[in-house]
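Worksheet for the structure shown next.
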Protein chains: 2
Amino acid sequence: MRRASQPEGSRRSTIREVAALAGVSVATVSRILTGTYPASPATRARVLRAAEELDYVANAHARSLAGTASRSVAIVINSVISPHYAHVAQGVEAQATAEGRLCLIGTTGGDPKRELAMVKHMREQNAEAVILVGNVVADDDYRDRMRQYAQALSAVGSRLVLCGRRPLGPDVPAVVVEYDNAGGAFAATSHLLSAGHERILFLGRRPGYTTAEGRLDGYRKALTAYGLPLDPGLEVEGMMEWNEGYRMMKQRLLAGPPDFTAVFAINDLIAGGAHRAMAEHGIQVPRDVSMVGFDDLPPSPDIGLTTVHLPHEEIGRIAVRLALEHAGQGGEPPHVVLGTHLVIRDSVRPRVQ
Amino acid sequence: MRRASQPEGSRRSTIREVAALAGVSVATVSRILTGTYPASPATRARVLRAAEELDYVANAHARSLAGTASRSVAIVINSVISPHYAHVAQGVEAQATAEGRLCLIGTTGGDPKRELAMVKHMREQNAEAVILVGNVVADDDYRDRMRQYAQALSAVGSRLVLCGRRPLGPDVPAVVVEYDNAGGAFAATSHLLSAGHERILFLGRRPGYTTAEGRLDGYRKALTAYGLPLDPGLEVEGMMEWNEGYRMMKQRLLAGPPDFTAVFAINDLIAGGAHRAMAEHGIQVPRDVSMVGFDDLPPSPDIGLTTVHLPHEEIGRIAVRLALEHAGQGGEPPHVVLGTHLVIRDSVRPRVQ
DNA sequence: ATCCTTTCTGTATCCGTTTTCGGAAACTTT
DNA sequence: AAAGTTTCCGAAAACGGATACAGAAAGGAT
């Protein structure tokens with residue numbers, strides 16, 4: 001209402017101005033606004049009125065400088081358009097807000113250098129927790145520096161959190177939130193095996209990436225448990241993206257008729273791309289080929305994909321919760337491993353002999 | 001390396017400590033670290049070494065308090081798991097980083113109250129720009145307060161940006177980034193009409209929501225332009241979500257056989273849900289029913305959907321760019337309207353008589 | 001009425017930077 | 001060698017809010 005057309009660049013009103021208008025000291029204003037102290041109803045009302053009058057907004061930076069925590073939580077993530085990451089980010093943001101924290105976000109595109117830079121940036125912002133999500137290919141230098149960051153953050157009462165990646169080592173003060181990639185992949189592959197499939201194409205091999213390695217591991221273990229040999233020719237390398245799924249399958253089908261009766265896609269995006277590529281070759285799921293994915297995210301419902309469910313949003317929420325809970329006290333930081341379960345839709349049929 | 005196991009709660013090192021170690025004044029350290037001033041190579045090296053030695057990290061809050069801009073940009077968004085929003089957010093983050101800014105993020109779930117609260121929060125953080133994305137149902141009180149926020153932000157050299165929603169009024173200092181909903185819907189509907197379809201189901205009517213209204217408008221205009229009557233019975237109400245698309249179509253099909261030969265879904269998520277529902281009733285796209293969507297996002301490639309392309313990420317990038325460019329000078333804030341184009345896939349066939 | 005609590009409020013300091021202003025040192029030029 | 005430029009550096013004052021400490025006011029008990 002008032003200060004309707006302030007000239008460009010005019011400062012915003014300060015606690016001192018509010019104090020002056022209300023006829024009290026800055027200390028009183030501060031206490032009333034932060035709810036530190038039970039002021040008398042009269043002054044309280046006067047101060048609130050004055051603040052309203054001047055459109056007073058506290059300066060979070062000044063507040064944080066004066067000694068209180070920054071009340072912010074940072075998430076550093078591969079990208080925000082990939083469904084898995086988006087859901088984790090959503091969880092982080094929701095929990096952060098629920099705990100009265102602001103959410104800072106930075107993306108890395110999976111580049112360790114950018115990740116390191118982002119963590120530094122978040123450190124400058126005094127984030128109460130820095131949550132790292134997703135895989136990176138970590139060389140020794142990276143691991144050293146990240147350990148150092150973990151130490152530094154912990155030293156100032158903050159916390160580093162690792163989501164969906166391997167811990168940095170035994171004595172590194174970082175919270176870890178993992179999930180059972182190998183177990184989920186084992187269940188998914190077993191599901192195909194128990195339907196009689198023996199030649200199962202694995203889509204999305206990616207050495208060096210924790211998630212990919214874990215899922216490949218589960219796939220192999222399941223085959224072995226069924227007494228089947230491992231065929232390296234069935235393990236196709238590619239990134240966890242729709243286009244890659246399309247590419248991998250297209251390439252395979254262009255080379256000749258399918259030499260498999262089922263597909264285990266390392267995530268649902270890859271499943272979606274492969275599904276499309278097969279459709280273009282007249283191959284229908286599950287009529288001609290059975291398929292299982294991983295994630296229980298779009299596009300799995302669109303194509304009726306049986307897949308492994310992961311509590312994506314929960315991962316983000318837990319990360320925030322644990323970090324904030326644990327930030328104060330010392331001791332061993334928490335390490336949780338979340339379970340998975342199979343979601344049956346309609347992409348698997350018993351193999352016809 | 002050093003300070004390997006600091007006790008809990010120890011403060012981080014300050015510019016003063018760096019200055020002391022390097023044997024210079026804090027002013028010199030500040031200048032060297034921010035690159036303000038060409039210090040002599042010798043002192044420069046000494047300061048850098050000292051900073052490294054102490055693992056010095058600047059305190060962004062103190063820096064911002066001391067008078068420089070906060071170097072942060074805020075995005076306030078409906079959710080981050082919906083593909084459209086996720087892409088816009090990605091664009092914002094990317095551009096913010098490119099311009100040396102940190103990205104603050106907050107979600108609202110489409111609730112105007114939460115949006116208002118978030119903007120206030122971002123104002124406390126001194127964000128250099130506050131970018132609002134997506135529709136809300138705005139009552140008068142909301143519009144008043146948002147106008148006031150726009151004024152207040154502008155008064156301190158920041159900027160409010162409105163993405164994909166109607167401007168707040170003529171004299172409100174807010175940057176606006178819109179896109180041509182009506183035009184895109186007109187093109188999409190015309191595409192179906194020119195294939196001979198006359199009974200086109202509109203999925204996703206939502207009075208009060210700018211985007212929904214714009215697209216409905218384009219749909220109607222196209223019908224009228226083709227000399228066809230408007231049939232309210234063909235306009236189905238629902239939210240812009242996959243589940244809603246599924247629900248709307250399921251309900252329709254449960255009520256009886258299709259009384260339409262084509263579908264215009266207001267976005268690709270709805271198209272995906274409807275596609276699935278039809279599949280469950282043995283109705284294939286495009287064999288039995290033609291369909292067009294809007295967004296050119298997942299799951300459109302999965303189901304081969306012809307759809308209207310929107311430069312989602314670009315919207316976010318432009319928002320940041322314009323806000324930052326314009327933040328300094330006064331004058332009329334920019335207002336851009338982005339165009340759309342049809343992406344032809346394989347979900348439309350000529351109507352068989 | 002006096003003393004003791006309890007409740008409320010004000011003064012002054014500090015948080016960690018940037019930045020203005022002035023001074024010293026190092027070169028140039030004559 | 002003196003004067004004039006540059007170039008580099010330091011002292012100190014902000015920035016806006018929280019809080020320790022002390023003091024005033026109000027309320028209760030004697």
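All values derive from a computational prediction rather than experimental measurement. Naming: A, B, ... by sequence-line order, numbering from 1 per chain.
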Can you tell me if [X] and [Y] form a side-chain donor-acceptor pair at under 3.5 Å?
| X | Y | result |
| --- | --- | --- |
| B:Glu17 | B:Tyr56 | no |
| B:Arg12 | A:Asn126 | yes |
| B:His61 | A:Glu124 | no |

Whole angstroms only, please: what is the [atom1]-[atom2] distance between [X] and [N]?
| X | N | atom1 | atom2 | value |
| --- | --- | --- | --- | --- |
| A:Glu124 | C:dG16 | CD | P | 15 Å |
| A:Arg123 | C:dG16 | CZ | P | 15 Å |
| A:Tyr56 | D:dG16 | OH | C1' | 7 Å |
| B:His61 | D:dG17 | NE2 | C1' | 13 Å |
| A:Ile15 | C:dC15 | CD1 | C1' | 15 Å |
| A:Leu33 | D:dG16 | CG | P | 16 Å |
| A:Arg44 | C:dT7 | CZ | P | 17 Å |
| B:Ile32 | D:dT7 | CD1 | P | 16 Å |

Review point. Given B:Thr97, which of B:Arg101, B:Glu93, B:Glu99, B:Gln95 fulfils the side chain to side chain donor-acceptor pair (under 3.5 Å) condition?
Key: B:Glu93
Check your understanding: Got a donor-acceptor contact below 3.5 angstrom from the A:Arg16 side chain to the A:Ser25 backbone?
Key -> no
Using a 4.0 Å heavy-atom cut-off across all strands, classify [X] as base, sugar-phosphate, or nothing.
| X | result |
| --- | --- |
| A:Ala58 | sugar-phosphate |
| A:Val29 | nothing |
| B:Thr68 | sugar-phosphate |
| B:Thr43 | sugar-phosphate |
| A:Val18 | nothing |

Check your understanding: If you round to the nearest 0.5 Å, how far is CG of B:Leu102 from CD of A:Gln125?
Key -> 5.0 Å
Review point. Under a 4.0 Å N-O cut-off, is there an ion pair linking B:Arg143 with B:Glu115?
Key: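 Not counted as a salt bridge, because no side-chain N and carboxylate O are separated by less than 4.0 Å.
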Nucleotides 11-15 of chain D: which of its N/O atoms have a protein N/O under 3.5 Å away?
| residue | atom | partner | partner atom | Å |
| --- | --- | --- | --- | --- |
| D:dC15 | O2 | B:Leu65 | O | 3.2 |
| D:dC15 | O2 | B:Ala66 | N | 3.3 |

Check your understanding: Which nucleotide, C:dT18, C:dT9, D:dA18, lies nearest any side-chain atom of A:Thr28?
Key -> C:dT9
